[in-house]
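Written below as structure tokens is the structure these notes are about.
When a residue number appears, it is its place in the shown sequence, counting from 1.
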Amino acid sequence: MTEIASESRSGRDEHASSGTTGDQPRDRFRRLLAGPLGPRLLLLSALVPPLMMLREVLRSPQLHFYDYWWVLLDITGADGSLRPEALLGFRNEHPFVLPSLLFWLSARFGGGLNHLLGFAVLAFGAGCVLVVLAMLPRTLTRWQRAGLVAATSALVFNPHGIHNFVRSMSGASWILAMLLVLGALLAAQRGRLRLAVPLGLLASISYGTSFAVWPALAVVLWLRGERRGRVAVPAVVGVVVVAAWLLLRGPQGGGGSSPTDDPAQALLTGLSMLGMVWTGTEPSLALVAGVAGLAVLALHLPGCLRPEHREASAPWWGLAVYAVGCAVMVSGSRAAFGESAGLQSRYNSMSAALWIAVLVIAVAWARWPAARSVVVFATVLSTVALGAPMAQAVREDAPTQRLLAVAAKVGATDPFTDRFPSPERLLPRMRALGHYPFSSEFTLGCGDDTEIGSRANTSSWRVPSLGSYREPRPAGWDVILNVETDQVRGGARTLSGWAISGIERARCVAVLDQRGQVVGGGVVDIPRADAEAQTVGTEAGLGYRAVVPAGAQGPLRVAFRFPDGWWIRPLTENPQVVS
């Protein structure tokens with residue numbers, strides 16, 4: 001980059017001396033490269049990934065996911081009050097103090113909204129990018145700094161890691177831990193060991209993989225040439241932390257298979273986790289990428305060990321050690337879960353840590369200076385594009401979570417035991433806290449005050465012909481209200497099918513009793529390629545799913561709101577009963 005700026009200045013001087021006053025496009029381009037505007041625009045591009053992830057958070061369900069509920073049960077009393085001593089417990093053998101506290105704050109003061117905690121996780125991610133900016137070597141040019149910040153933003157907010165943001169209960173541990181680890185490395189880089197150690201301790205009580213911060217801090221201090229006593233401090237603290245964890249955790253039920261004793265399987269899991277941002281769904285490609293990243297680091301190590309580079313490169317080698325340490329722990333505990341165990345979306349932060357370190361080292365102490373810009377540019381484009389399959393898989397789960405919110409609202413959660421534990425204990429806590437969906441934010445999305453518990457005036461709602469529930473319309477358009485499944489499981493009755501009016505999909509679905517009381521509801525806009533193939537020219541997303549308590553009295557009806565109004569049809573009084 002400095003060569004480019006020098007060439008630009010030389011070209012401008014020659015042009016001026018020739019007496020030519022025309023402003024040629026080539027000259028304008030050179031001035032852009034040499035001036036501050038270009039780097040500033042590149043730096044502004046770092047805002048794009050978090051803004052795109054904000055969009056994903058706003059489109060995600062408001063109901064919290066999975067581990068959040070188990071933790072909420074552990075840390076609250078029957079009235080929803082906090083049990084402070086429970087914050088010191090473990091979750092799947094991990095210390096979980098700070099995430100547990102965030103969960104309770106979300107429940108107590110944030111209405112239990114997934115979006116609000118998601119905004120906090122976005123802030124943690126932005127903090128990670130800012131800390132990396134503060135750590136960058138001062139010898140970099142403006143273009144290099146801007147490019148590395150943009151690349152860091154793309155890696156932190158990569159679609160591979162969408163899980164951490166739209167399922168905020170995950171990012172509250174993983175992204176928070178990464179922020180604290182980066183903060184500890186920044187403090188160590190500046191010789192502030194008294195700050196680095198507390199930040200490392202906070203990271204250690206956010207998630208167990210953060211134990212890797214202690215060898216990382218020791219490496220940073222060693223490369224900086226600190227005294228042996230100071231280098232030993234994080235190592236000793238790390239040993240004490242791990243020993244305390246082993247002593248206090250007790251027998252834990254993490255679930256799933258036991259750790260594997262197959263070294264090859266463990267290597268596959270760890271290396272594929274490091275390279276996961278370089279593939280969509282293929283563990284073998286991720287493994288190759290992980291090996292390639294480690295190879296690039298190895299090639300640059302001799303140059304970084306030179307006296308003039310050791311101190312400046314120290315935090316980046318610490319970050320690489322942290323990422324490798326996380327991979328070792330993940331491979332030891334998750335390898336038995338299959339060949340794709342290392343490709344979990346929640347692991348993106350640790351894979352990003354490795355590639356941030358690789359990019360900074362490859363740019364600041366380049367073995368191949370001419371390739372620096374290409375490496376940064378290719379990393380951003382490739383890793384973002386390859387995250388699309390992971391992001392889509394997470395999005396496809398959203399309708400089930402939205403249906404769970406309706407089920408919790410009406411007290412019919414039996415079909416969701418894998419993601420909503422002990423409803424007899426959990427639902428009273430949620431009601432006491434005013435926790436979503438027992439808050440004003442919950443809605444079926446129907447408008448007209450058609451919500452759970454309200455009574456609708458159905459006198460103007462239309463009913464298709466009995467038997468087929470298919471009403472021919474002018475120009476061959478039809479209204480079809482198709483109920484494919486109608487099942488009772490425990491205390492819940494679930495419906496699914498597809499519905500269409502003309503070429504329009506339903507905008508919402510509600511279940512009513514004979515008096516017009518809304519006793520259930522569900523979700524719409526579910527892709528149904530089979531139905532869409534039968535109705536050429538219609539909108540996508542014709543499917544729906546709904547839930548209602550199995551004990552709802554009298555004949556029930558399912559109603560759909562379309563752009564042209566409401567259509568309603570009766571349900572059978574003898575649904576299928578499944579175990």
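Remark: the backbone N or O of F560 is not paired with any side-chain donor or acceptor of W461 at under 3.5 angstrom. Side chain of Q62 to backbone of F442: no donor-acceptor contact under 3.5 angstrom is found. A donor-acceptor pair is defined here as one N or O able to donate and one able to accept, closer than 3.5 Å; such a pair exists between the side chain of R507 and the backbone of R505. Side-chain atoms of H435 do not come within 3.5 Å of backbone N or O of A107 as any donor-acceptor pair. Checking side-chain atoms of S168 against main-chain N and O of F165 turns up no donor-acceptor pair under 3.5 Å. Not a single donor-acceptor pair under 3.5 Å links the side chain of R91 to the backbone N or O of V71. Remark: the backbone N or O of W498 is not paired with any side-chain donor or acceptor of N482 at under 3.5 angstrom. Here the side chain of D448 pairs no donor or acceptor atom with the backbone of T450 at under 3.5 angstrom. In this structure, S331 contributes its side chain and A327 its backbone to a donor-acceptor pair below 3.5 Å. Proximity of a side-chain donor or acceptor of S206 to a complementary backbone N or O of A177 within less than 3.5 Å is not detected.
Using cut-offs of 30° and 60° for the angle between ring planes, the W69 and H64 rings count as perpendicular. The aromatic rings of W104 and F109 stand perpendicular to each other, their planes meeting at an angle above 60°, with 30° marking the opposite boundary. A perpendicular orientation is assigned to the rings of F211 and W245, their planes being inclined by more than 60° (bins at 30° and 60°).
F96 is not listed as a side-chain neighbour of D67, based on a closest heavy-atom distance of 4.5 Å or more. For the pair S170 and Y66, the minimum side-chain heavy-atom distance is 4.5 Å or more. Side-chain contact between Y436 and N114 is absent, with no heavy atoms from C-beta onward closer than 4.5 Å. Using a 4.5 Å cut-off on side-chain heavy atoms (C-beta onward), Y207 and P95 make no contact. Considering only heavy atoms from C-beta on, Y544 stays 4.5 Å or farther from V523 through its side chain. In this structure the side chain of V509 reaches within 4.5 angstrom of the side chain of V558, judged on heavy atoms. In this structure, R545 and T494 have side chains that are not in contact, with every pair of non-hydrogen atoms separated by 4.5 Å or more. Looking only at side-chain heavy atoms (C-beta outward), Q401 and V166 stay at 4.5 Å or farther from each other.
Using modelled atom types, one finds no donor on one side chain facing an acceptor on the other under 3.5 Å when comparing S60 with R167. Defined by atom type and a distance below 3.5 Å, a donor-acceptor pair is present between the side-chain atoms of S81 and D79. In the model, W174 has no side-chain atom that pairs as donor or acceptor with a side-chain atom of T209 under 3.5 Å. Q487 and T485 share no side-chain donor-acceptor pair at under 3.5 Å.
In plain terms, the two heavy atoms of S106 and Y68 that are nearest each other are OG-OH, 4.2 Å. In terms of heavy atoms, G80 sits closest to L433 at O-CD2, 3.4 Å. Across all non-hydrogen atoms, the minimal contact from W355 to G293 is CH2-CA, 3.5 Å. Scanning all heavy atoms of the two residues, the minimum distance from V519 to I452 falls at C-CD1, 4.4 Å. Scanning both residues, L512 and T458, for their nearest heavy atoms gives CD2-CG2, 3.8 Å. Across every non-hydrogen atom of V524 and A506, the tightest pair is CG2-O, 3.6 Å.
From L105, atom CG reaches atom CG of L116 across 12.0 Å, with rounding to the nearest 0.5 Å. The line from CD1 of I500 to CD1 of I480 is 6.0 Å long, rounded to the nearest 0.5 Å. In this structure, CD1 in I175 is found 11.5 Å from CG in L180, a value given to the nearest 0.5 Å. For the atom pair OG (S284) and CG (L268), the distance works out to 8.5 Å, reported to the nearest 0.5 Å. Rounded to the nearest 0.5 Å, atoms CD (E504) and CG (L542) are 10.5 Å apart. Once rounded to the nearest 0.5 Å, the distance linking CD of E282 with CG of L386 reads 11.0 Å.
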(request) Kindly indicate, with the supporting measurements, whether the criterion side chain to side chain contact (heavy atoms under 4.5 Å, CB included) is fulfilled by M178 and L182. (result) CA-CA 6 Å; M178 184 178 181; L182 285 169; 4.1 Å; yes
(message) Does R429 form a side chain to side chain contact (heavy atoms under 4.5 Å, CB included) with L72? I'd like the steps, not just the answer.
(response) CA-CA 9 Å; R429 286 167 164 79; L72 192 64; 5.5 Å; no
(request) Determine, step by step, whether V511 and R493 satisfy the side chain to side chain contact (heavy atoms under 4.5 Å, CB included) criterion, reporting the C-alpha distance in whole Å, the side-chain angles of both residues, the deciding distance to 0.1 Å, and the verdict. (result) CA-CA 11 Å; V511 182; R493 182 176 179 179; over 6 Å; no
(request) Output, in order, the C-alpha distance, side-chain angles, deciding distance and verdict of side chain to side chain contact (heavy atoms under 4.5 Å, CB included) for L82 and T76. (result) CA-CA 5 Å; L82 177 66; T76 58; 5.6 Å; no
In a table with atom names and distances, give each donor-acceptor pair under 3.5 Å that connects a side chain of residues 337-350 to protein atoms at least two apart or in another chain.
{"unit_1": "S345", "atom_1": "OG", "unit_2": "H160", "atom_2": "O", "d": "2.5"}
{"unit_1": "S345", "atom_1": "OG", "unit_2": "H163", "atom_2": "N", "d": "3.1"}
{"unit_1": "N348", "atom_1": "ND2", "unit_2": "L155", "atom_2": "O", "d": "3.1"}

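Legend: disulfide bond (SG atoms under 2.5 Å apart) pairs involving residues 385-454, not counting sequence neighbours, sorted by first then second residue: C446-C508.
Crowding of D449 atom CG: a count of heavy atoms from other residues, nucleotides or ligands under 6.0 Å not exceeding 12. Around the CD atom of Q553, the shell of radius 6.0 Å holds no more than 12 heavy atoms that belong to other residues, nucleotides or ligands.
Salt bridge annotation for D525-R402: absent, with no cationic side-chain nitrogen under 4.0 angstrom from a carboxylate oxygen.
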